[in-house]
Amino acid sequence: MPFVCVGIADAALLGYGVIETLQATLIHANVRFKFGPLRYWLVTPQFHHWHHSDEDAAIDKNFAVHLPIWDWLFGSIICRAINGQRAMALREISLQRDFFGNCFGHLSEVVPNASNRLR
């Protein structure tokens, strides 16, 4: 909405939305395609998969979704071959039995009595 207010064309916003969606889908895809030198300029699945690794060295690393330079600048980059990665996992998570529990159940850790208010 703010972009429309400052006069950015609808077509430009739509184009960016399409590119953003394709990029987000690509970086979470389980592909082994080698991106060659392009991997230094754009985030690839091999780069971003480390963000989801269960290894201690990869915790809080590789947040970028478009350009890896941001992780490099902020010191949150890890550059290793994907072959060395053990697994991708979520740590210390407990799933609820229902949809709303999974979406909002974690709020009880942040807001006292939140789980009781949602029922």
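Positions are given from 1, in the same order as the sequence printed here. Note that this is a predicted model, so its numbers are computed, not measured.
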Distance check, rounded to the nearest 0.5 Å: [X] atom [atom1] versus [Y] atom [atom2]?
X	Y	atom1	atom2	value
H51	I59	NE2	CD1	9.5 Å
D60	I78	CG	CD1	11.5 Å
D10	L14	CG	CG	8.5 Å
T25	E20	OG1	CD	9.5 Å

**OP:** Could you tell me whether the side chain of H49 and the main chain of T44 form a donor-acceptor pair under 3.5 Å?
**Re:** no
Original post:
Is H28 reaching over with its side chain to a backbone N or O of A24, donor-acceptor style, under 3.5 angstrom?
Top reply: yes
Original post:
Is there a side chain to side chain contact (heavy atoms under 4.5 Å, CB included) between L26 and F35 once you walk through the steps?
Top reply: CA-CA 12 Å; L26 173 67; F35 288 82; 4.2 Å; yes
Original post:
Which atom pair, heavy atoms only, marks the closest approach of P68 to A64?
Top reply: CA-CB, 4.2 Å
**OP:** Might you point out which heavy atoms bring A29 and P45 nearest each other, and give the distance in Å?
**Re:** O-CB, 3.6 Å
Under a 4.5 Å side-chain heavy-atom rule over Ile, Leu, Val, Met, Phe, Trp and Tyr, are [X] and [Y] clustered together?
X	Y	answer
V31	L22	no
F74	F47	yes
F33	Y40	no
I27	V18	no
L73	V65	yes

Subject >> Partner set under ring pair (Phe, Tyr, Trp, His ring centres under 6.0 Å) for Y16, not counting sequence neighbours >> reply: none
Subject >> I69, CD1 atom: more than 12 neighbouring heavy atoms under 6.0 Å >> reply: no
Original post:
Does atom CZ of F63 have more than 12 heavy-atom neighbours from other groups under 6.0 Å away?
Top reply: yes
Subject >> Working for side chain to side chain contact (heavy atoms under 4.5 Å, CB included), residues R39 and K34 >> reply: CA-CA 8 Å; R39 73 182 185 270; K34 302 293 182 196; over 6 Å; no
**OP:** With sequence neighbours excluded, tell me which residues meet side chain to side chain contact (heavy atoms under 4.5 Å, CB included) with I19.
**Re:** none
Original post:
Excluding sequence neighbours, so at least two apart, what forms side-chain hydrogen bond (donor to acceptor under 3.5 Å, both in side chains) with Q23?
Top reply: none
Original post:
Quick one: are V43 and L67 in side-chain contact, heavy atoms under 4.5 Å?
Top reply: no
